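Inspection log for the structure reproduced underneath, given as structure tokens.
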Amino acid sequence: MRANCFAGRNSVEVRDVPDPSLLSRRDAIVRVTSTAVCGSDLHLVDGYVPSMQDGDVLGHEFMGEVVEVGSGISGDTLRVGDRVVVPFPIACGSCNACAAEMYSCCENSNPNAAIAEKMFGHPVAGIFGYSHLTGGYAGGQAEYVRVPFADVGPLKIESDLTDEQVLFLSDILPTGWMGAEMCDIRSSDVVAVWGAGPVGQFAMDSARVLGAHEVIAIDREPYRLEMAAAAGHTTINFDDTDVRTRLLELTGGRGPDKCIDAVGLEATHGSASLQTYDRVKQAVRSETDRPHALRQAILSCRSGGTVSVIGVYGGFIDKFPAGAWMNRSLTLRTGQAHVHRYLEPLLRRIEAGELDPTRVITHRLSLEEAPHAFDIFKNKQENCEKVVLTP
Amino acid sequence: MDMLATTTVRREPSDVYDFWHDFANLPRFMTHLDSVVETGPNATHWTATAPFGQVVEWDAETTEDVPGSSIAWRSVGESLVPNQGKVWFVPAPGGQGTEVHVVLAYHLPGGAIGKAAAKYFGEEPHQQLDDDLRRFKQVMETGEVVRSDGAPWGKRARHEFPQRAAQPLSADERAEVFAS
Ligand SMILES: NC(=O)c1ccc[n+]([C@@H]2O[C@H](COP(=O)([O-])OP(=O)(O)OC[C@H]3O[C@@H](n4cnc5c(N)ncnc54)[C@H](O)[C@@H]3O)[C@@H](O)[C@H]2O)c1
Ligand SMILES: [Zn+2]
Ligand SMILES: [Zn+2]
């Protein structure tokens, strides 16, 4: 089959690879009908997540049709022919983490748990197409995918919603939603969201659905800010505006009650000196992540507020504003999205028209065009916000 | 060499005890064990793969057996690698299942064989025991040892990097993975 593979730092290639087959009793094989490129893929390809190998099949946002199931899957959970969306974390459904609905911390789904444990202190779940640290699972930017624990993850789509309406249940819609949910939003809350990428856009929409008084989008890409404005959110361009000052102006000097970091470890900075400091440290690997958005979110947040981090970090950061965090009673919450938790409730919200995931799609390309898709998404060309690929 | 490892399994202590008490189950998750066969009351015969395809065998006796709670064993008679072990099961707080605590002790022989054995059992024997327990937990909680494209070997896990690329196995690789 054809699959989009990691081909060394800054490079992906669509290659011929073997078709997947069942390896475990609770596996299913899914024929992919739609898949997408995510900001997380950029972190992998740009070389910021360790343990990527040449030939790794990328992609963790995908859906399709079940074409084969293992002997451990009973017919009332999943059958050949079912149309499914697959959550990006792989979860066993029976460990204590899964029982607590902390699916992205599943204790059993990562065969490389020992390595993850060395890096993170405790292991993390397996993730499709997301380095060997999270298991070394082939991903979904491919014609077919092997889905382990297929009796736990896949959500059956029985209505006539289109792929584009439900595809993002695999990751970015639940991720944005969880970012807002972690803020425990009250009706008086002003919520500021760093990053107007697809994840940030969904965090903004979710914050509004959860009742925020106002939602503010922060980015530097005019077309991304326009997209947020078109959805009814207030915008700040950090290229030409001092973010903290503007946030104070917009909140009567209080600062946003809740702040969401939807940028992660490749943040850029308006201040050249801090940007240079972090770039140099990152280049010599004494700091692995560039945390500008996180720092700014912590410094901007109102005392007693919450900073919710859904942007991905992989290693270590410098100049963490621990003083602001501690002295001003801030709450820091984070996690890879526990996608399984949100599948049913968010599907219902899509059906009810409360959330429109299709609004971020700017490009529809074939799987063969994946390298081009990565290029325009990463370099913000052709006003690219979100690419959907079809095999 | 003495090692202690622990894990928590989301099953009742009696289930976890029963599974371990059937020594024939141990090779399902312990990398080096090929088989454990019951040979009499409190008596077992163990077979492990050793370096260069050699097979190491020994007899063991069960020295402690408290249903639902603990099991201990030790090798008897002539053995290349005299060893003993104990496992005990403690209810985890708040209905989270069972804490499994394992102690293993073995004496490596001297000379060239000892060196080869040490190498085979790993630079980090403690890591191996941890990994064995991780697989034990996988089997108890999910029914089998977890496999990915990059690490498809199940209990014959090889942790060296680089691994296989994370892409589906060819027919030949599949055959190799599922051989034996
Ligand atoms: N927690 C999870 O489960 C999860 C799931 C999916 C994605 N993510 C992460 O979410 C983040 C966003 O994903 P995406 O797909 O939207 O990526 P993206 O790259 O499209 O979006 C990031 C945006 O942040 C902007 N940005 C850069 N520096 C900034 C700064 N200092 N202040 C404000 N904005 C800044 C960029 O211009 C860009 O528009 C990534 O880190 C991704 O890995 C996390
Ligand atoms: Zn993603
Ligand atoms: Zn689990």
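Model, not experiment: these values are computed from the prediction. Chain letters run A, B, ... following the sequence lines, proteins first and then strands; every chain starts at 1.
- At a 4.5 Å heavy-atom cutoff, A:Phe6 makes no contact with chain B through either its backbone or its side chain.
- The heavy-atom pair separating A:Arg146 from B:Asp149 by the smallest distance is NH1-N, 4.4 Å.
- Taking all atoms of both residues into account, the shortest heavy-atom contact from B:Pro168 to A:Met1 is CG-CE, 3.8 Å.
- Nearest heavy atom pair, residue B:Gln127 against residue A:Ala114, reads NE2-CB, 3.4 Å.
- Interface residues of residues 98-106 of chain A toward chain B, defined by a heavy-atom distance below 4.5 Å and sorted by number: A:Ala99.
- Between chain B and the residues A:Leu23, A:Asp19, A:Leu58, A:Asn96, the most heavy-atom pairs under 4.5 angstrom are made by A:Asn96.
- Taking A:Glu68 as the reference, nothing meets the salt bridge (charged side-chain N to carboxylate O under 4.0 Å, His left out) condition, with sequence neighbours excluded.
- Contact of A:Leu22 with chain B is made through the backbone alone, with heavy-atom distances under 4.5 Å.
- Residues of residues 5-14 of chain B lying within less than 4.5 angstrom of chain A, judged on heavy atoms, are B:Thr8, B:Arg10 in numerical order.
- Judged purely by atom type and a 3.5 angstrom limit, B:Gln167 uses its side chain to pair as donor or acceptor with the backbone of A:Gly55.
- Nearest heavy-atom pair, A:Arg26 versus B:Thr142, reported as atom, atom and distance to 0.1 Å: NH1-O, 3.3 Å.
- At distances below 3.5 Å, at least one donor-acceptor pair connects side-chain atoms of A:Gln53 with backbone N or O atoms of B:Gln163.
- Looking at A:Arg15, neither its backbone nor its side chain comes within 4.5 Å of chain B, counting heavy atoms on both sides.
- Taking OG of A:Ser21 as the reference point, atom CZ of B:Arg174 lies at 3.5 Å (rounded to 0.5 Å).
- Other residues, nucleotides and ligands contribute at most 12 non-hydrogen atoms within 6.0 Å of the CD atom of B:Glu38.
- Note that the SG atom of A:Cys95 and the CD atom of B:Glu141 stand 6.0 Å from one another [nearest 0.5 Å].
- Summarising the geometry of B:Ser148 relative to A:Gly135, their closest heavy-atom pair is OG-O, 2.6 Å, with the distance given to 0.1 Å.
- Scanning for side chain to side chain contact (heavy atoms under 4.5 Å, CB included) contacts around B:Met3 gives B:Met1, B:Leu104, B:Tyr106, B:Pro125, B:His126, B:Leu129, with sequence neighbours left out.
- Within the 4.5 angstrom heavy-atom criterion, no atom of A:Ser131 approaches chain B.
- The candidate from B:Gly143, B:Gly97, B:Ala166, B:Gly150 with the greatest count of non-hydrogen atom pairs under 4.5 Å with chain A is B:Ala166.
- Heavy-atom distances place both the backbone and the side chain of A:Pro20 under 4.5 Å from chain B.
- Partner A:Asn108 forms a side chain to side chain contact (heavy atoms under 4.5 Å, CB included) with one of B:Arg134, B:Arg135, B:Lys137 and no other, that one being B:Lys137.
- At a 4.5 Å heavy-atom cutoff, the contact between A:Glu107 and chain B is made by backbone and side-chain atoms alike.
- Side-chain contact between A:Asp27 and B:Arg147 is absent, with no heavy atoms from C-beta onward closer than 4.5 Å.
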